[in-house]
Amino acid sequence: MATRTGQDGLSRERIVEAAVAMLDDGGESALTFRALSTRLKTGPGAIYWHVANKEELLAAAVQATLADVLRSDEADTTPRDAVRAIALGMFDAIDRHPWIGGQLAGLASRSASMRIIERLGQQVQALGMPHHHQFFAASTLFSFILGVAGQNAANARARVAGKSRAELLGAEAAVWASLDPAEFPFLRGVAGQLGDHDDREQFLVGIDLILTGIGAAR
């Protein structure tokens with residue numbers, strides 16, 4: 001479909017690109033048509049020529065940031081590897097653009113959500129999951145991806161100024177290690193793993209556990 005471009009060179013692509021930058025900087029609350037028109041040095045009417053409302057703009061922003069994930073390309077790969085690739089693509093996208101998680105969980109970006117669930121569901125089918133469990137398997141994968149990626153993004157935003165991730169996790173690990181062993185035997189036992197774990201590795205372990213469950217249900 002052709003993109004409409006005004007005399008000032010304004011296009012839908014430029015609008016979406018600016019919106020993504022604003023969302024990255026300040027989250028959804030920072031994105032208003034007034035602020036966007038100021039950033040683009042144009043009037044709100046020019047923006048409305050390309051985008052009907054904020055909901056449409058947010059959906060377009062999600063589509064743009066997830067373009068690589070939404071592009072189907074499972075040729076020459078196993079269903080398990082395809083699921084891991086989709087999951088990691090979403091994890092990395094949400095890590096770069098934390099606001100995506102909330103959008104995917106709502107209706108504003110249901111087209112993107114539907115495409116992701118469709119891709120996951122096709123791989124679940126290819127893995128041989130019985131039909132009556134396919135919805136549960138695909139939705140569990142989708143929910144796990146959004147939940148973990150979103151939580152990691154929230155943790156990154158909430159870090160204390162001047163404190164690195166390693167320092168914060170090290171301090172929390174020290175708290176776990178000092179717990180009463182009778183009341184918290186598990187937390188004390190894994191305290192050393194908390195301090196130096198890799199978020200992406202932890203995420204993939206969770207994906208693999210779900211995939212193992214899918215394999216066992218065949």
Hey, are [X] and [Y] close enough for a salt bridge, meaning a charged N less than 4.0 Å from a carboxylate O?
X	Y	result
Arg188	Asp180	no
Asp24	Arg96	no
Asp95	Arg200	no

Is it true that a side-chain atom of [X] and a backbone atom of [Y] form a donor plus acceptor pair closer than 3.5 Å?
X	Y	result
Ser143	Thr140	no
Gln151	Gly147	no
Thr42	Thr38	no

Between [atom1] on residue [X] and [atom2] on residue [Y], distance to nearest 0.5 Å:
X	Y	atom1	atom2	result
Leu88	Ile145	CG	CD1	9.0 Å
Gln63	Arg115	CD	CZ	6.5 Å
Thr65	Leu70	OG1	CG	8.5 Å
Arg39	Ile15	CZ	CD1	13.0 Å
Ile116	Ile86	CD1	CD1	8.5 Å
Phe136	Ile214	CZ	CD1	13.0 Å

With a 4.5 Å cut-off on side-chain heavy atoms, are [Y] and [X] touching?
X	Y	value
Gln103	Glu28	yes
Leu127	Met129	no
Leu57	Leu36	yes
Leu141	Gln123	no
Val16	His50	no
Leu66	Leu104	yes
Trp49	Leu10	no
Asp81	Thr78	yes

Under 4.5 Å between side-chain heavy atoms, hopping through other hydrophobics if needed: is there a path connecting [X] to [Y]?
X	Y	result
Ile210	Ile94	yes
Phe186	Leu209	no
Tyr48	Met22	yes
Phe203	Leu194	no

Heavy atoms only: give me the nearest [X]-[Y] pair and the separation to one decimal.
X	Y	answer
Gly43	Ser37	C-CB, 3.9 Å
Ala35	Ala30	CB-O, 4.1 Å
Gly121	Ala138	CA-CB, 3.9 Å
Val51	Phe33	O-CE2, 4.1 Å

- Stepwise, does the side chain to side chain contact (heavy atoms under 4.5 Å, CB included) test hold for Leu146 with Met90? CA-CA 8 Å; Leu146 285 190; Met90 289 187 61; 3.9 Å; yes
- Message: Is it the case that over 12 heavy atoms from other parts of the model lie below 6.0 angstrom from the CD atom of Glu17?
- Response: no
- Message: Is it true that, when you exclude His132 itself, more than 12 heavy atoms of the residues, nucleotides or ligands shown sit nearer than 6.0 Å to its NE2?
- Response: yes
- Task: Taking atom types as modelled, find out whether Trp176 and Glu172 have a side-chain donor-acceptor pair closer than 3.5 angstrom.
- Result: yes
- Task: For side chain to side chain contact (heavy atoms under 4.5 Å, CB included), just list the numbers for Trp99 and Leu31, CA-CA rounded to whole Å, side-chain angles, deciding distance to a tenth of an Å, and then say yes or no.
- Result: CA-CA 11 Å; Trp99 50 273; Leu31 179 62; over 6 Å; no
